[in-house]
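Indexing begins at 1, ligand by ligand and atom by atom, following the structure's order.
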Amino acid sequence: MPAIVVLGAQWGDEGKGKATDLLATTDPIDFVVRTSGGHNAGHTIVINGEKYATHLLPSGILTPGATSVIAGGVVVSPEALFRELDGLVARGVEVADLKVSANAHVIASYHATIDKVTERFLGKNQIGTTGRGIGPAYADKINRVGVRIADLFDEKILTQKVEAALDVRNHLLTKVYNRRAIEVDAVVEELLSYADRLQPMVCDTSLLLNQALDAGQTVLFEGAQATMLDVDHGTYPFVTSSNPVAGGVCVGAGVGPTRIDRVIGVIKAYTTRVGAGPFPTELFDEDGVQLQKLGGEIGVSTGRTRRCGWYDAVVARYASRVNGLTEFFLTKLDILGAWDRIPVCVAYEIDGKRVDEMPMTQTEFHHAKPVYEYFDGWKSDISGCRSFEDLPANAQAYVRALEEISGAKIWGVGVGPGREQTVVVHG
Ligand code: IMP
Ligand code: MG
């Protein structure tokens, strides 16, 4: 079968791995592909009660029989890559086959240094990045002074590229930021040290994936970050430095848009965000604390507490639009079992006017106040439900109501962290 995209419809941490798990129950997945971002992601996967976290590796690394692919649009820290692989092996996990694009850009240790220095310099305008060097690595790529994976196998070329990359950076570091210059030789040595172990994994991943699709294999493109963190379509400048939207998947993978069969937007039954930036339905009261606690809303990558708020259907409709979603997968519905009444944001009020679609400007978005509709809670534990009909009537009604206002059908619902804790709404 097909090419399936699974991506985040909100600000990340929607639980994208659960949609992957549900897909894998009906269709054996041949390839799981990451197409953007780097080790700033945080996937939690629970298998037989054991929790695993990956940041750079696709969740497919734990799917037996699937080949994991890190495509050209990803920024790769070889150090993080090996650390994650070794961590899984140390826990006795059988690690699947892994391919890395020769075109992917490399994150070296100096990118993280620059990330942190830049954030400090921004002061109160901080983005709240993960500090992993993602932004600076993409900046080098766009400035055409990036180092790519293929460069690690040619010392002469590598040295030239690192010199070019550090030239302006070092002026900035020493003259503006008052830091020590980064030495070219040290960086070259660091990067060369990864070459031997990397080499057997490196290939033309665009060719690999297109050939797989030609042969009728199933390719799953697993999004990282999310729509509202997209550098073009998110809440700029409070975004990541890549394109997590569906269009970015095609660019990052080297697979054309006409080949994609399904685009699944993963969306939580409420909303969370880490880092700075506008968030209309954010809660500052006891409900927010409860969502945070019951939902275990702590960042997998950085350990930061996530900001929490109610479901925002304006965001959902926007995600449906900019990604061309064919369906949603709704996660963490079980968490809402504690409330008598569940508010859902159906529109915004902006400077006294009701607005039904994502406002055009960032200023308006900063002024947006949620307009809520209220739904009756189900006040019970639904984590054991395995079919839509098993869900209490009020939970079914909540799902149907979200479907009505979110811009795409809801294919499945997550009712707990385990791989099997899902409910199919539309088979
Ligand atoms: P960066 O990606 O490290 O540059 O961080 C930019 C913004 O994106 C920050 O607000 C981060 O908290 C956020 N971010 C990056 N990756 C993720 C993710 O996987 N989940 C949620 N937020 C993320
Ligand atoms: Mg995450």
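Between R400 and E404, none of the side-chain N atoms (NZ, or NE/NH1/NH2) sits under 4.0 Å from a carboxylate O, so this pair counts as no salt bridge. Ion pairing between a basic and an acidic side chain is recognised when a charged N comes within 4.0 Å of a carboxylate O; E222 and K16 show no such pairing.
The distance criterion of under 3.5 Å between nitrogen or oxygen atoms is met by T130 with respect to ligand 1. Residue contacts with ligand 1: V274 is placed with a nitrogen or oxygen under 3.5 Å of a nitrogen or oxygen of the ligand (distance criterion only).
Assignment of R132 to the shell around ligand 1 is not supported, since no heavy atom sits closer than 4.0 Å. At least one heavy atom of V239 sits less than 4.0 Å from an atom of ligand 1.
Of the listed options L229, N40, D13, L229 places a heavy atom closest to atom 14 (N) of ligand 1. Checking R273, E119, R304 against atom 12 (O) of ligand 1, the nearest heavy atom belongs to R304. Residue G128 holds the heavy atom nearest to atom 11 (C) of ligand 1 of all those in S241, G42, A226, G128.
Taken to the nearest 0.5 Å, the CG atom of L283 stands 8.0 Å off from the SG atom of C308.
Within 6.0 Å of the CD atom in Q362, the count of heavy atoms belonging to other residues, nucleotides or ligands exceeds 12. Counting non-hydrogen atoms of other residues, nucleotides and ligands closer than 6.0 Å to OH of Y236 gives a total of 12 or fewer.
Heavy-atom contacts of W11 reach the following atoms of ligand 1: 21 (C), 22 (N) (cutoff under 4.0 Å). Close contacts between ligand 1 and I127 involve ligand atoms 10 (O) [criterion: under 4.0 Å to a heavy atom].
With W11 as the aromatic partner, R307 does not meet the cation-pi criteria of under 6.0 angstrom to the ring centre and within 45 degrees of the ring axis. A cation-pi arrangement is absent between R169 and Y110, since the terminal nitrogen or guanidinium carbon is not both under 6.0 Å from the aromatic centre and inside a 45° cone about the axis.
Counting heavy atoms closer than 4.0 Å to ligand 1, residue F238 contributes nothing at all.
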